[in-house]
Amino acid sequence: MLNFLLSRLLTFVPTFIGVTLISFSFIRVLPGDPIIVMAGERGMSEERYAELQAQFGFDRPLLVQYWDYMTGVLQGDLGNSFVTKKPVFDEFFALFPATLELSICAMIFAVVLGLPAGVIAAINRGKLFDRTLMSTALVGYSMPIFWWALLMIIVFSGWLGWTPVSGRISLIYFFDDVTGFMLIDSLLSGQKGAFSSAVNHLILPTIVLGTIPLAVIARQTRSAMLEVLSEDYIRTARAKGLPPSRVTYIHALRNALIPVVTVIGLLVGTLLAGAILTETIFSWPGIGKWMVDSIYRRDYPVVQGGLLLIAVMVMIVNLTVDVLYGFINPKIRKS
Amino acid sequence: MALLEVRNLSVDFATTSGTFRAVDGFDLTLDKGDITAVVGESGSGKSVAFLAMMGLLPWTATITSDQLTFDGNDLRGISPRKRRQIIGKDMSMIFQEPMTSLNPCYTVGFQIKEALRIHLGMDRKERHARAIELFEQVGIPAPETRLSAFPHQMSGGMNQRVMIAMAIACKPKLLIADEPTTALDVTIQAQILELLTSLQEETGMALVLITHDMGVVAETAERVSVQYAGQKVEMQDVRSLFATPHHPYTAALLAALPERATTKHLPTIPGVVPGQFDRPAGCLFSPRCAHADERCRTVAPPVGGPELGFARCHYPLNVAQEESV
């Protein structure tokens, strides 16, 4: 197990370097200049511009700048934001709980609906439920997130007035961050109505962000179940006279979970990418919105650091998935 | 009353290109304690007939029969719930591939105890004791530790023993063994066959051995039913079948046994079992039969009497002189 973990951690190294290289170079390829952006409408003199360039180190060759950046990163210093002057690390972890809360809710939404839907579709293969579900899933998967989000806002917030349009909680409630998770903090605050307000604000973003994972999980579960249901050991289980529910959920589902868990791990990356759009549309104060804002401001350290931290999160999730395999299927644990 | 009575069982599969008849008029009568072998090459419908009795065929299969009774229960219109009380308990089955027939996610102990809980309602202690007893019965060494092993940690032969233990867990009246030794080494094959026959002797259950191996038949069975292209072509006691086969197909199968070969090259039966689209009009074996003539190719043969081993043939072989015309 330890060997396995170490060898997996080794594969992180090239990914890590790759992410730093890409984020470092791509943001610099973008037209625009952080110093010009900072100067705003007034502009600045040639001398002041040169002075600032020297101060931020932009006058030196790119390779040297990258070397400096990497030296910082390896010491745990991601630099300070050009705009707020605060460390990128602190800003990230101040905003990350909001994104994490939304992502977890979206993932729970997708798994809780997607797994059973896929299982039921597989059992009723070719019947009406299966066809309806699979075509709905295809639509859900193909829909642009921003369009889907706007549609939901128009229907549920606009016409029906059931849910708020944006934000994490109604402005009439105020309390200090304890965990950073609005659902937990609102409960801890003890203020009447705070929790239900937080829940109401979560509903639409959760559905919007969870739609693509939901569609993918439902389809993946269905195909994995179909494959497992034709295995010899399922015939054995049925030959024992076990009830169909036991055959499906005890004997088949556990074997079908391997590909599904893999997909869930990969979806975490999709989820964080989707969070950028979802957060922007719903004014959700998470890292997605923070990243987009920073790109507009050409806030190099924030974009680089944010991307790097997101990449690390995705890598950690996928490592967890690899470890989970062994728990689901003992055959993999051995080899 | 017979334990199992099957009359004119047919199984059709709906395929995208029309229906395919996998089993065509299968008959079988089994009494308590009978050992019967069902022989035939791949595609002759021997497994499908028994999977139909167990209710394990996919929904694309249509099963029809004039009679299908097991132990006083009519299996034709039986509810799924009632059938589940019979299969795995009174009628159980083991399969060809022991390595893939056990669930890789659960220990073999879990998979045995499951049947005990569902059918006999034993509590945890009773189940554990019974599982150990079963493992000893099928000759698995160190049963206590083996119970917590996963299928991939054991050999094919051991897994087949687990399958057998699982199948006899509830003391069935009928055990169907579907090519139980095909996937195993020759030395292990003999052990498993010996185990099956000794268990049969001990418990008095009826045993059906589905196989394509005439050697296995000779060693174990009392009675043999020969299947060809979904039809039963002959049925006899094992001794008389080997001595005087009446159907040309049986004769050809026996002639292909290496120990019976008289020439340098082993005799074979030319051609293959007819599939969905090339079923002949008359006798199904006629395209491959050395004795076939025009009548065989156009008229479906009658089923002979018991003195002819129920042979489905116009010109049965080895007929006593005075009977032949």
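Values in this document were obtained by computation on a predicted structure and should not be read as measured data. Note on naming: letters A, B, ... go to the chains in the order of the sequence lines (proteins, then strands), and numbering restarts at 1 for each one.
The greatest number of non-hydrogen atom pairs below 4.5 Å with chain A, out of B:P80, B:C170, B:S101, B:G55, is found for B:S101. For chain A, the option among B:H119, B:K89, B:M54, B:E97 with the highest count of heavy-atom pairs below 4.5 Å is B:H119.
Put simply, the side chain of B:N103 does not reach to within 4.5 Å of the side chain of A:T236, judged on heavy atoms.
Shown here for B:R84 and A:P244, the closest heavy-atom pair between the two residues is NH1-CD, 3.3 Å. When all heavy atoms are compared, the tightest approach of A:Y233 to B:L102 is CB-C, 3.5 Å. Nearest approach of A:K240 to B:A115, heavy atoms of both residues: CD-CB, 3.9 Å. Taking each heavy atom of B:I118 and A:G241 in turn, the nearest pair found is CG2-O, 4.1 Å.
Heavy-atom contacts from other residues, nucleotides or ligands closer than 6.0 Å to CZ of A:R131 number 12 or fewer. Heavy atoms of other residues, nucleotides or ligands lying less than 6.0 angstrom from NZ of B:K173 number 12 at most. The 12-atom threshold is exceeded at CD of B:E133, counting heavy atoms of other residues, nucleotides or ligands nearer than 6.0 Å. Dense packing is recorded around CZ of B:F110, with more than 12 heavy atoms of other residues, nucleotides or ligands lying under 6.0 Å away.
For chain A, no part of B:I176 is nearby; none of its heavy atoms comes within less than 4.5 Å. In this structure, chain A has heavy atoms under 4.5 Å from both the backbone and the side chain of B:Q111. Looking at B:L51, the atoms closer than 4.5 Å to chain A (heavy atoms on both sides) all sit in the side chain, from C-beta outward.
Atom OG1 of residue B:T100 and atom CD1 of residue A:I234 lie 11.5 Å apart, to the nearest 0.5 angstrom. Atom-to-atom distance recorded for B:M93:CE and A:R235:CZ is 6.5 Å, nearest 0.5 angstrom. Annotation: the span from B:W59 atom CH2 to A:R125 atom CZ amounts to 8.0 Å, rounded to 0.5 Å.
With B:Y106 contributing its side chain and A:I250 its backbone, the two residues share a donor-acceptor pair below 3.5 Å.
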Should B:E114 and A:R246 be marked as a side chain to side chain contact (heavy atoms under 4.5 Å, CB included) after you check the CA-CA gap, both sets of side-chain angles, and the distance that decides it? CA-CA 10 Å; B:E114 193 174 40; A:R246 192 174 167 87; 2.7 Å; yes

